[in-house]
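Remember, predicted model here, so these are calculated numbers, not experimental data. Note that ligands are numbered from 1 as they come in the structure, with each ligand's atoms numbered from 1 the same way. Below, all heavy atoms of this structure are taken into account, side chains as well, without hydrogens, waters or symmetry copies.
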Amino acid sequence: MAELLHTIISAKQLSVVFQPIINIISHSIIGYEALARGPKNSELERPDKLFSVAAELGVLARLEYACREVACQSFVDQQLPGTLFLNMSPLSFTDSHYRDGVTLAILRRLNLSPERVVFELTEKQPMDDCDILRDACEHFQRQGFAVAIDDLGAGYAGLRIWSEINPDYVKIDRHFITGIERSAVKREFVRFMLDIAQRIGNKVIAEGIETEQEFTTLAALGVEYMQGYYLARPNAQPPLVVPAHIQIGRAVPRSHDPFRQTLREVTVYEETISPTLSAGDVVNKLRSDVRITCLPVVSDAGAPVGMISRSELLNTFSWRYSYELHANKPVADFISPRTLIMSIDAELHAAGRLVTEDPAQNLSVDILVHDQGRYVGVAKVRRLLRSIADEKLRAARHSNPLTGLPGNVPLYEWIDQLLCQRSDFIVAYCDINHFKPFNDAFGYRCGDDVIIMLGQLLCELVDPECDFVGHVGGDDFVVVLQSQDWQARCGNILERFSAAVAQSLPADQRDYWSPDREGRRRRFGPLTLAIGCVHPDSSANMTHHHVAMLLADAKHRAKELGGSQLFVSRRRAPAALADNGAA
Ligand SMILES: Nc1nc2c(ncn2[C@@H]2O[C@H](COP(=O)(O)OP(=O)(O)OP(=O)(O)O)[C@@H](O)[C@H]2O)c(=O)[nH]1
């Protein structure tokens, strides 16, 4: 076996397959994980065997170098887009064959930038000495590589490692993914990891997704990056674009209003420096870590003072004698004049406007973010602009062209999110009665005016802070209400609609003749509105499909009552779920 392994390593008898990692919001492939395989039909074909034998024989690092070379070569040859995710065992740091700079040399030869490479450090293997791991991570990150913790949750020290090293990505172990739609506990764990990651600015990748149910559940929880057989199997020639069966934008925004996000969405905590630190020390810090583009300066009391811009400060120190002249001055003297300090509750659009409208604004100076005067983090300008672009795209893609209101996709996402969070909410289906004969009698243009009027009325009469108005097509609107006084609001909607209809048509036109469904001409009165409400049971393991079933029934009942009526259903879960004892 030792001889076979030796030949495999020295002759690089290895092959590599790539599995894409997909951003399901921007619907793009962000990169590929390279997975090595031993020679076909040999005893060491399977990677688990290959690597465990290498570890036993003390040649893990040599095997990893060989795999890395094959992976990088194939990645470059195929011109794969995005980032290359390479596996690395923490055990290889302690291997006597481990050498610094080997990967950099491979990349240099292939003309591949380190910024396009992520090292995945598995958490599965025992790693007693966290310091080694932390040092190695910092070392990689200083060289421009990104780092991911792989299999988070599979080992013993996942949270400890996560808190000690500052990874760019965390990959949730597939244990938490398999069957997540059936396990409230797994959903809570994933929620917890997403929450921490968001607070400290790490990206979360869910791996091992094999079924559509797992995919939709993770999307509803807000997971943005996904990998697994359901999305795409590993392949020597992987897809270059997202496979067609992956639906666009299924992830749910983490704020309650998908179209009105704040800086909270893009703020990450970053280490700060004191205003009294010497400028010379800061220059040295910037020179030793090429990834730092700016540094937040915060007073001892926690108040944001300003930003130090890498380019501005190094420019000042590039002149002759400037080091001697300025090195001992406090760094507070070199705050960027382009510093923007904003509240965490500022709207993304407002921040975006400030950043882009001033032509002198330096786009590499990130925004300092405070919460009631105390520093909380930094909003990366690039991330901010990308979020705004994504948000606009999503809003445009999923809104109704007549009213501009969000359509089915954001509505269902919102309902799924509320169900996942076990929130209490009411869903109201609003449908105009006999709209077809009205359209036939007065024309489409007049019908459009009524639809627009109803859309505006709904927006005016709900609470914009917590309620959601969706326009699901034609004369159908769905309102998700979390207001305590939802019933009074529905009553108000009915009244105001009737009043608006009475006002918009001259008295002699309020009653009219038009063909009914059977084609018989009959007399119709003024337009009325039917509202069917349901109060879904969030603990009953439902999705928006179940809510839609309940809602269709409630709408039907409201229409049966005839005229402007509100029907509130007592059914809180579909019969099938209720029979299972889930309701
Ligand atoms: N003016 C206008 N009409 C539309 C639009 N979209 C759909 N419609 C029309 O709306 C009508 C909806 O028909 P139905 O759902 O049967 O509604 P209804 O006549 O109110 O019947 P009930 O709901 O059973 O009372 C159809 O005549 C559609 O052509 C739109 O954007 N503008």
Side-chain angles (χ1 to χ4, degrees), residues 259 395-412 426-462 468-481 490-506 508-534 544-545 547-569 571:
F259 300 141
R397 194 185 292 135
H398 298 305
S399 59
N400 185 286
L402 190 60
T403 55
L405 288 168
N408 283 313
V409 172
L411 172 74
Y412 292 154
I426 301 290
V427 192
Y429 201 115
C430 307
D431 184 39
I432 302 172
N433 296 311
H434 307 304
F435 189 60
K436 185 177 179 313
F438 178 88
N439 248 341
D440 294 342
F442 298 106
Y444 245 60
R445 168 101 37 102
C446 209
D448 280 358
D449 289 344
V450 174
I451 292 173
I452 293 168
M453 177 272 286
L454 177 56
Q456 286 170 346
L457 203 65
L458 294 173
C459 292
E460 189 190 320
L461 296 179
V462 302
F468 179 107
V469 179
H471 184 179
V472 294
D475 59 338
D476 301 275
F477 291 81
V478 173
V479 187
V480 183
L481 295 133
C490 289
N492 228 347
I493 290 168
L494 291 178
E495 263 178 41
R496 289 277 304 274
F497 179 77
S498 298
V501 164
Q503 242 179 23
S504 65
L505 286 175
D508 60 342
Q509 286 179 22
R510 285 183 206 144
D511 288 357
Y512 55 93
W513 288 87
S514 186
D516 65 12
R517 283 192 185 284
E518 282 74 40
R520 281 191 299 263
R521 281 185 73 73
R522 55 169 273 221
R523 197 178 176 83
F524 289 93
L527 284 176
T528 54
L529 186 68
I531 304 183
C533 286
V534 294
H544 66 266
H545 293 296
V547 174
M549 281 159 67
L550 291 175
L551 206 52
D553 183 60
K555 169 195 140 173
H556 195 68
R557 301 284 203 92
K559 281 194 162 298
E560 274 176 355
L561 295 175
S564 278
Q565 293 285 351
L566 172 67
F567 173 82
V568 183
S569 174
R571 285 180 58 203

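- Residues Leu494 and Gln565 come closest through the heavy atom pair CD1-C, 3.7 Å.
- Of all heavy-atom pairs spanning Lys555 and Asp476, the tightest one is NZ-OD1, 3.8 Å.
- Summarising the geometry, atom CZ belonging to Phe477 is positioned 11.5 Å from atom CD1 belonging to Ile531; distances are rounded to the nearest 0.5 Å.
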Identify the protein atoms, limited to N or O, that lie within less than 3.5 Å of an N or O atom of ligand 1, and list each pair with its distance to 0.1 Å.
residue: ligand 1; atom: 1 (N); partner: Asn439; partner atom: OD1; Å: 3.2
residue: ligand 1; atom: 1 (N); partner: Tyr444; partner atom: O; Å: 3.1
residue: ligand 1; atom: 1 (N); partner: Asp448; partner atom: N; Å: 3.3
residue: ligand 1; atom: 1 (N); partner: Asp448; partner atom: OD1; Å: 3.0
residue: ligand 1; atom: 3 (N); partner: Asn439; partner atom: ND2; Å: 2.8
residue: ligand 1; atom: 16 (O); partner: Arg517; partner atom: NH2; Å: 2.7
residue: ligand 1; atom: 19 (O); partner: Phe435; partner atom: N; Å: 3.2
residue: ligand 1; atom: 19 (O); partner: Lys436; partner atom: N; Å: 2.8
residue: ligand 1; atom: 20 (O); partner: Ile432; partner atom: O; Å: 3.0
residue: ligand 1; atom: 20 (O); partner: His434; partner atom: N; Å: 3.1
residue: ligand 1; atom: 20 (O); partner: Phe435; partner atom: N; Å: 2.6
residue: ligand 1; atom: 21 (O); partner: Arg517; partner atom: NH2; Å: 2.8
residue: ligand 1; atom: 23 (O); partner: Asp431; partner atom: OD2; Å: 3.0
residue: ligand 1; atom: 23 (O); partner: Lys559; partner atom: NZ; Å: 3.0
residue: ligand 1; atom: 24 (O); partner: Arg517; partner atom: NH2; Å: 3.1
residue: ligand 1; atom: 25 (O); partner: His434; partner atom: N; Å: 3.0
residue: ligand 1; atom: 25 (O); partner: Lys559; partner atom: NZ; Å: 3.2
residue: ligand 1; atom: 29 (O); partner: Tyr444; partner atom: OH; Å: 2.7
residue: ligand 1; atom: 32 (N); partner: Asp448; partner atom: OD1; Å: 2.6

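- Note that CG of Leu458 is 10.5 Å distant from CZ of Arg496, once rounded to the nearest 0.5 Å.
- For Ile451 against Gly474, the heavy-atom pair with the smallest separation is CD1-O, 3.5 Å.
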Tell me which donor-acceptor pairs under 3.5 Å the side chains of residues 432-447 have, and how far apart each pair is, sequence neighbours excluded?
residue: Asn433; atom: OD1; partner: Lys559; partner atom: NZ; Å: 2.7
residue: Asn433; atom: ND2; partner: Thr528; partner atom: OG1; Å: 2.9
residue: Asn433; atom: ND2; partner: Gly563; partner atom: O; Å: 3.1
residue: Lys436; atom: NZ; partner: Asp440; partner atom: OD2; Å: 3.0

